[in-house]
Amino acid sequence: MTLRDVKEILQAQVVCGESRLDEEVKVAGASDLMSDVLAFGMPGLLLLTGLSNAQSVRTAIIIDAKAVVYVRGKMPDAAGAKLADEKGLPILSTKLMMYKSCGLLYSRGLPGISDFLAQGR
Amino acid sequence: MAEENGLSQVFEITGKDFGRAGTISTKIKEILQEIGIDSAVIRRAAIAAYEAEMNIVMYAQRGTLTLTLTPTAIRLDVDDEGPGIEDIELAMQEGFSTATDEMREMGFGAGMGLPNIRKNSDEFAISSTPGKGTSIDVVLNLNQVAE
Ligand SMILES: Nc1ncnc2c1ncn2[C@@H]1O[C@H](COP(=O)(O)OP(=O)(O)OP(=O)(O)O)[C@@H](O)[C@H]1O
Ligand SMILES: [Mg+2]
């Protein structure tokens with residue numbers, strides 16, 4: 001699915017990266033623990049998180065994430081928003097909670113990391 | 001600062017400066033990208049640098065991260081002045097953490113940092129003197145291009 005599909009499925013607001021919405025996303029993961037994201041994340045990941053500080057954006061950039069979705073209506077802080085803008089990292093914000101956001105994307109066929117890796121085998 | 005067979009750059013990291021935590025690693029990633037190193041190697045180096053930087057911010061007073069590039073490798077030498085680590089074997093175990101609630105609220109404290117630095121390194125060494133500080137040396141090999 002594309003980031004635009006993600007936006008529609010989650011009724012999300014685009015905080016930045018509007019011009020990249022037609023890019024494809026193939027795998028997603030969700031966590032509020034950044035060192036788990038650093039350990040288990042992968043390039044191209046759509047990161048869903050409730051952690052909206054600058055560390056969430058820095059972590060996404062470090063792991064070459066495709067985009068970040070903040071759940072529960074969270075918005076990036078000033079430092080995070082500035083960095084995402086500089087790096088062209090798309091950020092979406094949905095009012096939905098974590099469980100429902102993940103469930104909706106998963107049920108529309110967006111796989112998690114382990115499914116994605118298993119497909120490749 | 002030139003070193004034998006390579007170029008080094010030293011970055012200062014300030015303890016407890018949570019606002020800037022991660023900026024050095026983001027910078028290191030930019031430097032490696034400009035040089036045009038393989039993206040998978042850059043990603044591993046950036047992850048190792050970020051976890052090491054976060055540990056200095058969370059646990060130490062101050063520290064330095066020295067990035068050295070040679071024709072065959074990326075080196076990250078991380079040294080801090082801080083409490084040090086009493087039991088390195090324990091600290092290296094996945095899930096072991098002494099992070100405070102404040103650190104956990106920031107998304108850290110899973111006890112994954114040190115094991116993940118090792119996982120992303122081709123060579124990894126850690127040493128520590130309790131009461132003085134901790135040093136981590138990481139090497140990532142660059143794929144040799146046939147001439
Ligand atoms: N530079 C350091 N100085 C002093 N203690 C350290 C240092 N780095 C790590 N430690 C100790 O080792 C423990 C494990 O470190 P590690 O990076 O693996 O996990 P963490 O920092 O607790 O959590 P995470 O890295 O997942 O956010 C820390 O909780 C801390 O007690
Ligand atoms: Mg750590």
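These numbers come from a predicted model, not from an experiment. Lettering of chains follows the sequences in order, A, B, ..., and the numbering in each one begins at 1.
Within a 6.0 Å radius of NZ in B/Lys16, more than 12 heavy atoms belonging to other residues, nucleotides or ligands are found. Under a cut-off of 6.0 angstrom, the local environment of NZ in B/Lys119 is crowded, with over 12 non-hydrogen atoms contributed by other residues, nucleotides or ligands. Within a 6.0 Å sphere centred on CD of B/Glu86, other residues, nucleotides and ligands contribute 12 heavy atoms or fewer. Environment of CD in B/Glu94: sparse, with no more than 12 heavy atoms of neighbouring residues, nucleotides or ligands closer than 6.0 Å.
A/Leu83 and B/Thr26 get closest at one heavy-atom pair: CD1-CG2, 4.2 Å. In terms of heavy-atom proximity, B/Met112 sits nearest to A/Ala39 at CE-CB, 3.8 Å. Between B/Phe108 and A/Leu33, the closest heavy-atom pair is O-CD2, 4.4 Å. Taking both residues in full, the closest heavy atoms of A/Gly41 and B/Arg43 are given as O-NH2, 3.1 Å, listed atom of the first, atom of the second, then distance. Heavy atoms only, all atoms of each residue included: A/Arg58 and B/Arg20 are closest at NH1-C, 4.0 Å. Pairing each heavy atom of A/Asp36 with each of B/Ala110, the nearest pair is OD1-CB, 4.0 Å.
One hydrophobic cluster holds both B/Ile136 and B/Ile88 under the rule that ILVMFWY side chains link at heavy-atom gaps under 4.5 Å. Under the 4.5 Å side-chain heavy-atom criterion for grouping Ile, Leu, Val, Met, Phe, Trp and Tyr, A/Leu105 is not connected to A/Val68 through any hydrophobic cluster. No path of Ile, Leu, Val, Met, Phe, Trp and Tyr side chains, each step under 4.5 Å between heavy atoms, connects B/Val139 with B/Leu114, placing them in separate hydrophobic clusters. A/Leu46 and A/Leu38 are not part of a single hydrophobic cluster, where members link through side-chain heavy atoms under 4.5 Å apart. The hydrophobic cluster containing B/Leu65 also contains B/Tyr59, counting ILVMFWY residues as joined when their side-chain heavy atoms lie under 4.5 angstrom apart, directly or transitively.
You'll find the side chain of B/Asn116 stays beyond 4.5 Å of the side chain of A/Ser35, heavy atoms only.
Taking 4.0 Å as the cut-off between side-chain N and carboxylate O, B/Lys29 and A/Asp64 count as a salt-bridged pair. We find that B/Glu30 and A/Lys87 are joined by a salt bridge, their nearest charged nitrogen and carboxylate oxygen being less than 4.0 Å apart.
Put simply, the side chain of A/Gln55 never gets that close to the backbone of B/Met106: no donor and acceptor are under 3.5 Å apart.
If you measure heavy-atom distances from A/Leu51 to chain B, the contacts under 4.5 Å come from the side chain alone. Using a 4.5 Å cut-off between heavy atoms, B/Glu105 contacts chain A through its backbone alone, with no side-chain atom that close.
In terms of non-hydrogen atom pairs under 4.5 Å with chain B, the most contact-rich of A/Thr59, A/Ile63, A/Thr49, A/Asn53 is A/Ile63. Counting heavy-atom pairs under 4.5 Å between each of B/Gly111, B/Ala46, B/Gly113, B/Ala21 and chain A puts B/Ala21 at the top.
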